[in-house]
K.L.:
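Sharing a structure, written as structure tokens. Questions coming.
Just so you know, residue 1 is the first one in the sequence shown, and it goes up from there.
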Amino acid sequence: GSPPTNSLLHCAMQVPTTMRGIVRAQYGVEWAHVFCFEENLAVPKPGDTQVLLQVHAAAIGAGDVKMAAGWVRTFVSETLPRVGGLDVAGVVVAVGSKVTQWSVGDEVFGDLGVEMQGSFAEYAIANENSLAKRPQSMSFTQACALPISGLTALMGCKQVPIAEGSTVVVRGASGGVGSFVVQIARAMGAAKVVGISSNVEMVKALGVDECVNYREVDWVGHLQGRNFDVFVDCVGGAWSDSHRVLKPSNAAFVPVSGEDVQQPIGVFFLFGMLWSTFSRKFMSLFNYPKYHFM
């Protein structure tokens, strides 16, 4: 007869029925109270176009912090407790009946997405089109740090876009997104890249021409009047000061942090974001840098 829905193709290894994982039991900012360790979780079963991964590495980023705090629960329906984790790297151990891109044994990495999540466990399911092959030059640990931060940085740099010969300031240059922005800006031909971070040696190793330690000097005063082309803010809240370090016209401000909002997304948050974006677009007409909303 016909195979049942969600039937799996060949598994290269015996997959257990239970696993260990870190479960998000409630929303909050104190992770000791938000997450707990569980030893007898059910191993998830992939759908027709999904794969089951044996997780080798998972990354924690800003998205995980916001998910734990409940910032996006207005848009994402989820039932707690649940396993968290967005970025993942691992090995395919089972594939859905309609999967065509991956086979058992493939080493992959990717972003599980806010609706699925699950990388904080020994096994996780992923949509087949949300994964990429792990480069042999990268370890699982290195690969799992790439998906969300790397794509966010790439989108920000390409949205401007950063032109060959341009000058760029990266605030938060040692963070997950900022560290990629520095390297991508260089690869896109930026003539000068200045990082703002207290992790000076790390940022210099990434290839900046200068790193401003904001703990020791006022970065606005230090960079004021130097007429940069692009300001990438990976921290939040720098737009009102950015025009002092950017050139008077044809400059760009790119926020990739979600700004300095500390409450869950809701009606008032959305209204505030829309008003903030409109006002900044309007102010861009009057010698303020062009605001690229992400």
K.L.:
Do the side chains of Phe109 and Val88 get nearer than 4.5 Å, heavy atoms only?
P.N.:
no
K.L.:
Using a 6.0 Å cut-off, check whether atom CD of Glu115 has over 12 heavy atoms from anything other than its own residue.
P.N.:
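No, because the 6.0 Å sphere around CD of Glu115 holds 12 heavy atoms or fewer from other groups.
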K.L.:
Restricting to salt bridge (Lys or Arg N to Asp or Glu O under 4.0 Å), what partner residues turn up for Glu122, sequence neighbours left out?
P.N.:
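Partners of Glu122 by the salt bridge (Lys or Arg N to Asp or Glu O under 4.0 Å) criterion, ordered by chain and then number, come out as Arg20.
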K.L.:
If we ignore hydrogens and angles and just use 3.5 Å, is the side chain of Ser198 paired with the main-chain N or O of Asn213 as donor and acceptor?
P.N.:
no
K.L.:
For the residue pair His222 and Glu210, establish whether any side-chain heavy-atom pair is separated by less than 4.5 Å.
P.N.:
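Heavy-atom side-chain distance check passes, below 4.5 Å.
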K.L.:
Indicate the atoms forming the closest heavy-atom contact of Ala68 with Trp31, along with that distance.
P.N.:
CB-NE1, 3.8 Å
K.L.:
Less than 4.0 angstrom from a charged side-chain N to a carboxylate O is my criterion; do Asp209 and Lys204 meet it?
P.N.:
no
K.L.:
Determine, using the 4.5 Å side-chain heavy-atom cutoff (strictly less than), whether Val200 and Val181 are members of one ILVMFWY cluster.
P.N.:
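No, Val200 does not connect to Val181 through the hydrophobic network.
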K.L.:
Determine which pairs satisfy ring pair (Phe, Tyr, Trp, His ring centres under 6.0 Å) with at least one residue from residues 40-62, sequence neighbours left out, and list them in order.
P.N.:
His56-Phe140
K.L.:
Would you find a donor on one side and an acceptor on the other, under 3.5 Å apart, between the side chain of Ser166 and the backbone of Ile162?
P.N.:
no
K.L.:
For Gly207, does its backbone N or O pair with a side-chain atom of Arg186 as donor and acceptor, under 3.5 Å?
P.N.:
yes
K.L.:
Does the side chain of Leu41 come within less than 4.5 Å of Val43's, by heavy atoms?
P.N.:
no
K.L.:
Assess whether a salt bridge exists between Lys133 and Asp106, defined as any Lys/Arg side-chain N lying under 4.0 Å from an Asp/Glu carboxylate O.
P.N.:
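The answer is no: the pair does not qualify as a salt bridge.
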